[in-house]
Structure formats: C-alpha cells, structure tokens
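Structure record follows, encoded as structure tokens.
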Amino acid sequence: MSTREHLATAVSRAVADVAARDGLDLSVEPGSVHLERPARREHGDWSTNIALVTAKQAGTNPRALASALVDQLNAQPPAHTVSIEIAGPGFINFRLDDGWLHDALEELLTEGEDAFARPDVGHSERVQIEFISANPTGPIHVGNGWWGSYGDALARVMARAGYQVSREYYVNDTGGQIRTLGESLLARHHGQVVPEGGYHGDYVAELALAYDGPDEVTAAGRWAADRILDLIRNSLASVGITFDEWYSQASIEESGAVDETIALLDAKGLVFEQDGATWFRATELGDSRDRVLRKSDGDATYLAGDLAYHRDKFLVRGFDRVIDVFGADHHGQVASLMAGIEALGVDPGRLEVKLGQMVSLVDGDETVKMGKRAGNAISLDSLVADIGPDATRILSLMTSLDQASTFDLAAVREQSVENPVFYVQMASARIGGVGRKALERGVVRAPLSEVDLSLLTHERELDLIRCLEELPEVVADAAIDRAPTKVTAWVRRLATCFHGFYHDCPILAEDVDPALTQARLWLVEATRIGLAIGLGLLGVTAPEAM
RNA sequence: GCCCUCGUAGCUCAGCGGAUAGAGCAUCGGCCUCCGGAGCCGUGUGCGCAGGUUCGAGUCCUGCCGAGGGCACCA
C-alpha cells in the first residue's frame, strides 16, 4: 500500500472517530477532499483540506476541527510520520521522514514497468475514442496529425488507467466528396481538366495513371478513397497512431441504419417534411435550429449518417462512453449531435466532444496555417520528414487541446534546445550510458533485496524519487481530465530531476561507496521505468543512445 | 447579429477550487581533470476589465472588451 493510501486511510479513520465522538456531520462530497503534496515544501510532504471542506456543515470552525483531527491522528500516527501540523486557514500538513520515499521507490521497482502506475480509475468502462476521421480525399495534413496525437495518447492513457478503450476512425467513404473525387480522378484519367471544386493535387494525377476500373464516378471515387486511405494509414503509423476500427460510413448507409434512425426519430414525433426535405426537430432538444436529415434529392445528410453512426456506437455496439475528437471548425455539429442522440434515448452525458483549437505552424517568417481548407496546409508526412516522429508527437502533446497555439518549426529544427524531445531523450540516453559504463567497469546491479535504498539521502535523489512517486496519480489525472498533456509535463519534470541528480550524484565514480552505487543504480533503473511508461503513453521513443 | 472556444511573463506555453501562479526561450552571470555540457546553477517580470459565488477564484457564474472558429438540403 502506498504512503498516500496509508495517509488517506488514517485520515478517514480520524474523521470517523471525531464525527462519532462529537456527533458531527463530517460527510463529504466525493472529490471535494484532497490529499495532496503541498506546492511549498515547508508545508510538509502531504496535506489535506478536509477540515476546510467540512467545518461549515459541522457547525464548527476549520482550525478547531483540524485540531481535533490532528489529536486523533497523533493517537495512531501513520507510518513515517514526523509531525502533523495545522497551517493557514485549516490545512492539516503531514511531515514525513525520508523512509516514505524509499518505500515508494521499492514499490515502484517491485511492480516494474508493466504494473507500476496502473491506477484503476476506469473500472473497465468501455470507451470508444473516435479521432481524426479525415475524409479520404487527400493526404493527411498537420492539423489532423496534431489532434490525432491527442486522441492516440488519450487512448493510451485511458487504457493504462483501467478503461477498455477502442480507437476508431470514421471513414467518410460516401456522399458528395467521394463523387467529386471520382470526377476528378476520371477527368485526369482521360486527360481532361479537373472540374471546378474538384481535387487538383498531384496525388490525384498519380492515382489516375494507375486506375483501371470502370468509367463510373462513384466506383472511381471509392477506388481512389481506398488508395488514399492506405496513404493516410501509413502517415499515421509513422507517428505511432493506430486504430482498432476503421468504420465505413458507406456500410452504415447500406445497412439501412440511416433509414431506421430517421424512423426512430419520426416515431417520437421529431421529424417533419418541408420543401421536399426531411427535417429533424432539433430545436426541441436545445439546438439553435432544425436540421435536414434527408435532402430533397433523397440523399441522407451528414447529420443523418452521424446519428445512425452514434446510435450504432451506443445502442448496437454498447459503448458506455464515447469521446469524439473534432477540430474546432466542426463545433457547429455538436449541438445537433447531442440533440440527436438524446432523441434516440442515449444520455448525452455519455458523449464527450473534445474540440481541438486551431494550431498554427510558423516556419521562420512564413506562416503555415493548418486549417482544412487552406491550400497551403502542409502534409503530416512533410512535417515528420522535417523534424521526425518523436518531435512531432511531443510538440503536439505539449499544449492543451483547447488552447490555440503556434509553433515555430525553424526554432525546433535549428535550435534543438527549443525542442523538448531532445531534453527528455537525453535523459534516456544518459540512462543507457550508465548501463554501458557499468558493464564496461564490471559493475553489476545486485538484487533489490540486498540493496539499501535508504542510502539515498541527497536532495537530488529525494527529488527524483518524489517525481517518480507521482506518476500513478499523473496517469489517473490525465485519464480523468482527458488531458495527456499532463503526462508530457510530468515527463519533462522527470527529465529535469534526473539531469539534476546525474549532475550532482556520481554513480560509478571510484570514490563512491559501492553500496551507494548500488542504490543509485536502482534509482537510475526506476527512472528508466518511469520514462519508459511516460514516453510510451505519449508515443515517443526512449532511445538508449543518441 | 446569434452560438462555441480561448485571453496567464517580452515570446511560446503549463497550471486538480487551495497556502507566496510556474516552465522553456530570450537577457545577464557562474560551472567542463568528473558516468554523454544536447547538461547543471543563479538572475525578474504576469492571470484582458468589472461584478458575483466560496473559508479560499487564474480556475466556477454574469456582463463587458479582445482573438479565433462556426451559423448549408457541404462533409
């Protein structure tokens, strides 16, 4: 059991005892009570706000309540307690001896890369994360890769935090864009000019050369879309983004699910005909206007397909929760989608829509906008060729999804210090270097049970352990908040702590006590494990040499 | 006009309702007989504005100002 859990148990017991003894109502709202590491070290190693949260309802003041709780805690102090103090408005601060850190390190090493930092906050909830879902009408651009990194890392984080995660790409392989793609392909194939509004890219010309199918627009469009989808798949795989499911919109339409979905809405009196089109009375459910489901030409709209698709996610495939990652330019869809699933009997709280803000890349003086319709949007492939897959991933996971941001490629490329991937990977390389040097000098790591970790008393060592000890909570928070950037921040903190340790604490030098060398080698191993887990969640490699 | 998202340091960005708001870059200045100096240490500035909720607000609510995006029988 971790120190955190020990403390939490002790606090709960003290609260129960005081509540019973004094007849106080000390019940709390879930999530309102925190047991956390104070921001300032002089406030101790751990702190809780429980007295602040419960004093009012108990009809007492926070400091008096804290005092009663501290007395109760002191009667049976948790392991490693040096002192328990009341501070500020009524925080209860725990000061512990360094042994709690040595315990934490041993626990990490015992659990290892696979078992450490697997907080079960998901309780096996089945979650589908849909992301990217770019139309297969052209190569994937940087914006898709950017938000794709978010979706992929979120999937990794949530999977580690105990969710059953399925990653899905919704393939829009039907409708007007595919017809347009087919027209463009056939035009090129016959050496004609690509029609107005068609796709002009070189990839269309290349595909046209290879095309040997029928002279029919939809068939040609589907054929081209399949080929382009392969390109997209490869581009995404190059930055470590993979999917469990590539779900075809055409398959939904052909299955009759769209008609069924419209019929379901109709049965609830939410459908009407006007101007030859079929409409969804979305305003009944909070949307700003009613929406067309079936156009007067008989085709289903994107919304109709999307509602059928989400009905499939929730009611056919039975996901407990669905997370859709869209670009901010699609936020206009959200209200209709929410209204639609609610009309279909799905609690809208089960659908989370994450909107990625626009991200701009600047290359020196040149601005490269990543918007979909910008003609100068650079492809994901060219960015990866430029700065590499690891830098692409970590840069895209440095900023939160809902923060519009700008990155300077020239800075990333020319001044490597601007690029955090070097800083973090150097820690990894140094760890590899320690291993190689140890081998060279014939130093072998002794079994953990024979090593005295309590020799680690240098402030740099303790800071490093403190950082490592946080990882399970970082993973939990990142999963709960749907914020993989928290893992990025942690990995950078860990690298900072490791570089500091490495700088001040020689591991293999001649004048280091062999027992201390052993303890430090295990601390290095713990750091390797932490980095491997953290970088793994981000989809960034942890090289042993650079 | 209506809707959504966002305004944090000179720049690029972090920040779970908690105690004195953090990093990197940039500025200036230290540290290489030492396991990778792509490193380490020091140096000072800030929550758009105004109210509200709260023991406590950068964080939640309202209004205003500013930026981006959206308001199709396109996807």
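Computation of the quantities below employed the complete heavy-atom set of this structure, encompassing side-chain atoms and omitting hydrogens, waters and symmetry-equivalent molecules. Lettering follows sequence order; numbering is per chain, from 1.
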Reckon A:Gln403 has a side-chain N or O less than 4.0 Å from the OP1 or OP2 of B:A14?
-> yes
A:His331 (side chain) and B:G70 (base): donor-acceptor pair under 3.5 Å = no
Options B:C35, B:G69, B:G36, nucleotide nearest the side-chain atoms of A:Met546 = B:G36
Are A:Leu494 and A:Leu464 close enough that some pair of their side-chain heavy atoms sits under 4.5 Å apart?
-> yes
What pairs with A:Trp490 under ring pair (Phe, Tyr, Trp, His ring centres under 6.0 Å), at least two apart in sequence or on another chain?
-> none
Pick from A:Glu253, A:Glu254, A:Gln249: which one makes a side chain to side chain donor-acceptor pair (under 3.5 Å) with A:Thr174?
-> A:Glu253
Could you list by number each residue of residues 38-48 of chain A showing a heavy-atom separation from RNA chain B of less than 4.0 Å, or answer none if no residue does?
-> A:Pro38, A:Arg40, A:Glu42, A:His43, A:Ser47
Looking only at B:A14, B:A19, B:A72, the nucleotide nearest the A:Thr399 side chain is B:A14
Identify whether any heavy atom of A:Arg289 sits under 4.0 Å from a base atom; if not, whether one sits that close to sugar-phosphate; answer base, sugar-phosphate or nothing.
-> sugar-phosphate
Flag side-chain contact, heavy atom, 4.5 Å: A:Val424 against A:Val540 = no
Taking B:C40, B:G36, B:A14 as options, the one with an atom nearest any side-chain atom of A:Ala545 is B:G36
Using a cut-off of strictly less than 4.0 Å between a heavy atom of the residue and any atom of RNA chain B, enumerate the qualifying residues of residues 489-500 of chain A by number.
-> A:His499
Please answer whether the main-chain N or O of A:Ser336 pairs with a side-chain N or O of A:Arg291 as donor and acceptor at a distance below 3.5 Å.
-> no
Planes under 30° and centres closer than 5.5 Å, is that true for A:Phe91 with the base of B:A19?
-> yes
When you get a sec, tell me which of B:C73, B:C35, B:G15 is the closest nucleotide to the side chain of A:Ser400?
-> B:G15
Between the side-chain atoms of A:Ser296 and the base atoms of B:C73, is any donor-acceptor pair under 3.5 Å?
-> yes
Going by heavy atoms in the side chains, are A:Lys354 and A:Ile323 under 4.5 Å from each other?
-> yes
Side-chain heavy atoms of A:Leu65 within contact of A:Leu24, under 4.5 Å = yes
Any idea which of B:C4, B:G36, B:C55 is nearest the A:Ala429 side chain?
-> B:G36
List in chain and number order the residues that pass ring pair (Phe, Tyr, Trp, His ring centres under 6.0 Å) with A:Tyr169, two or more places apart in sequence or in another chain; answer none if no residue qualifies.
-> A:Phe243, A:Trp246
B:G36, B:C40, B:A14: which one has an atom nearest the side-chain heavy atoms of A:Tyr423?
-> B:C40
Listed nucleotide nearest any side-chain atom of A:Asp329, set B:C73, B:A38, B:G69 = B:G69
If you find the nucleotide of RNA chain B closest to A:Phe501 and the one closest to A:Gly276, which residue's nucleotide is nearer the 5' end?
-> A:Phe501
May I have the step-by-step check of salt bridge (charged side-chain N to carboxylate O under 4.0 Å, His left out) for A:Asp259 and A:Arg294, ending in yes or no?
-> CA-CA 10 Å; A:Asp259 292 329; A:Arg294 188 173 294 290; 2.5 Å; yes
May I ask you to say what A:Gln425 touches in the nucleic acid, namely base, sugar-phosphate or nothing, with a heavy-atom cut-off under 4.0 Å?
-> nothing
Applied to residues 291-310 of chain A, the ring pair (Phe, Tyr, Trp, His ring centres under 6.0 Å) test, sequence neighbours excluded, yields A:Tyr170-A:Tyr309, A:Tyr247-A:Tyr309
Tell me what A:Asp299 touches on the nucleic acid: a base, only sugar-phosphate, or nothing, going by heavy atoms under 4.0 Å.
-> nothing
Intra- and interstrand pairs of RNA chain B - dot-bracket, Watson-Crick/G-U under 3.5 Å, | marks other strand = (((((((..((((....[...))))..((((.......)))).....(((((..]....))))))))))))....
Pick base, sugar-phosphate or nothing for A:Asp290, based on heavy-atom distances below 4.0 Å to the nucleic acid.
-> nothing
Can a cation-pi geometry be assigned to A:Arg4 and A:Trp46, taking NZ or CZ under 6.0 Å from the six-membered ring centre and within 45° of the ring axis?
-> no
If you check the A:Asp402 side chain, which of B:C16, B:C6, B:G69 turns out closest?
-> B:C6
What does A:Pro506 touch in the nucleic acid at a heavy-atom separation under 4.0 angstrom: a base, only the sugar-phosphate, or nothing?
-> base
Using a 90° cut-off around 0 for syn, call B:C6 syn or anti.
-> anti
Under 4.0 angstrom, heavy atoms only, what part of the nucleic acid is A:Gln333 near: base, sugar-phosphate, or nothing?
-> base
Are side-chain heavy atoms of A:Leu181 and A:Ile228 found at a separation under 4.5 Å?
-> yes
Would A:Arg460 and A:Asp504 pass as an ion pair if we require N to O under 4.0 Å?
-> yes
